[in-house]
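Heads up, the thing below is written out as structure tokens.
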Amino acid sequence: MQRDRRIRKSQDFSRVSVDGRSWADHRLVLRAVPNQLRTTRYGFVVRKHIGSAVIRNRLKRRLRAIARDVPEPSNAWDIVLIVRNGARGSTSAQLSRSLKSLLVRARID
């Protein structure tokens with residue numbers, strides 16, 4: 001995923017957390033807030049209780065690949081995906097379905 005499409009600064013994560021709305025299923029939590037940029041940016045949070053560094057990094061890589069394939073919405077958003085315990089044994093297809101269903105519920109199109 002390109003650098004300009006990722007949320008990397010702590011203050012951006014905080015803004016999404018404070019100002020944004022959230023939607024969840026048993027694998028992911030999606031937090032989103034509109035931004036003033038031209039592109040939608042994604043941030044990924046995988047906490048240590050999910051597993052070892054290998055497992056956490058594998059989940060982040062999968063989510064980055066899935067987010068790369070999601071069509072660009074008409075409006076620009078900052079989206080933070082928080083991984084839940086249910087995602088540990090999930091396949092990429094299951095994670096993709098979870099993300100797409102959360103985007104539909106959030107009305108991000």
Practice task
May I have the step-by-step check of side chain to side chain contact (heavy atoms under 4.5 Å, CB included) for R27 and R97, ending in yes or no?
Solution key: CA-CA 10 Å; R27 290 185 184 98; R97 279 194 301 270; 5.7 Å; no
Practice task
Look at the side-chain heavy atoms of Ile, Leu, Val, Met, Phe, Trp and Tyr, link any pair under 4.5 Å apart, and say whether L102 and V70 land in one connected group.
Solution key: yes
Fill in the blank from the handout: Taken to the nearest 0.5 Å, the spacing of N75 CG from T40 OG1 works out to 8.0 Å
Exercise for the section: Compare every heavy atom of V29 with every heavy atom of S22, then report the nearest pair and how far apart it is. Expected result: CB-CG1, 4.4 Å
Handout entry: Connected via hydrophobic side-chain network under 4.5 Å: W77 and V16
Key = no
Problem - Residue pair I55 / R88: nearest heavy atoms and the distance that separates them - result: CD1-NH2, 4.3 Å
Sequence neighbours excluded and cut-off under 3.5 Å, please list the side-chain donor-acceptor pairs for residues 44-52, or say none.
residue	atom	partner	partner atom	Å
H49	ND1	N85	OD1	3.4

Practice task
Could you tell me whether a side-chain N or O of R62 sits under 3.5 Å from a main-chain N or O of S90, the two making a donor and an acceptor?
Solution key: yes
Practice task
Check the hydrophobic clustering (I, L, V, M, F, W, Y; side-chain heavy atoms under 4.5 Å; chains of links allowed) and say if L59 and V80 are grouped together.
Solution key: no
Exercise for the section: Look up atom CZ in R6 and atom CZ in R68, then write down how far apart they are to the nearest 0.5 Å. Expected result: 10.0 Å
Exercise for the section: Let me know which of L103, L63, I66, L28 forms a side chain to side chain contact (heavy atoms under 4.5 Å, CB included) with S98. Expected result: L28
Fill in the blank from the handout: Looking only at heavy atoms, the pair that brings R3 and R8 closest together is NH2-NH2, 2.9 Å
Handout entry: salt bridge (charged side-chain N to carboxylate O under 4.0 Å, His left out), paired with D78, selected from R21, K9, R15, R31
Key = R15
Practice task
Examine I7 and W23 and state if one hydrophobic cluster contains both, with Ile, Leu, Val, Met, Phe, Trp and Tyr joined whenever side-chain heavy atoms are less than 4.5 Å apart.
Solution key: no
Exercise for the section: Indicate yes or no for a side-chain donor-acceptor contact from S17 to the backbone of F13 under 3.5 Å, with no hydrogens or angles considered. Expected result: no
Handout entry: N-O pairing of R105 and D25 below 4.0 Å
Key = no
Handout entry: Gap between atom CD1 of I79 and atom CG of L99 - 0.5 Å precision
Key = 7.5 Å
Exercise for the section: Kindly work out whether a path of hydrophobic side-chain contacts (I/L/V/M/F/W/Y, heavy atoms less than 4.5 Å apart) joins V104 to V33. Expected result: no
Problem - E72 side-chain N/O to T39 backbone N/O, donor-acceptor pair under 3.5 Å - result: no
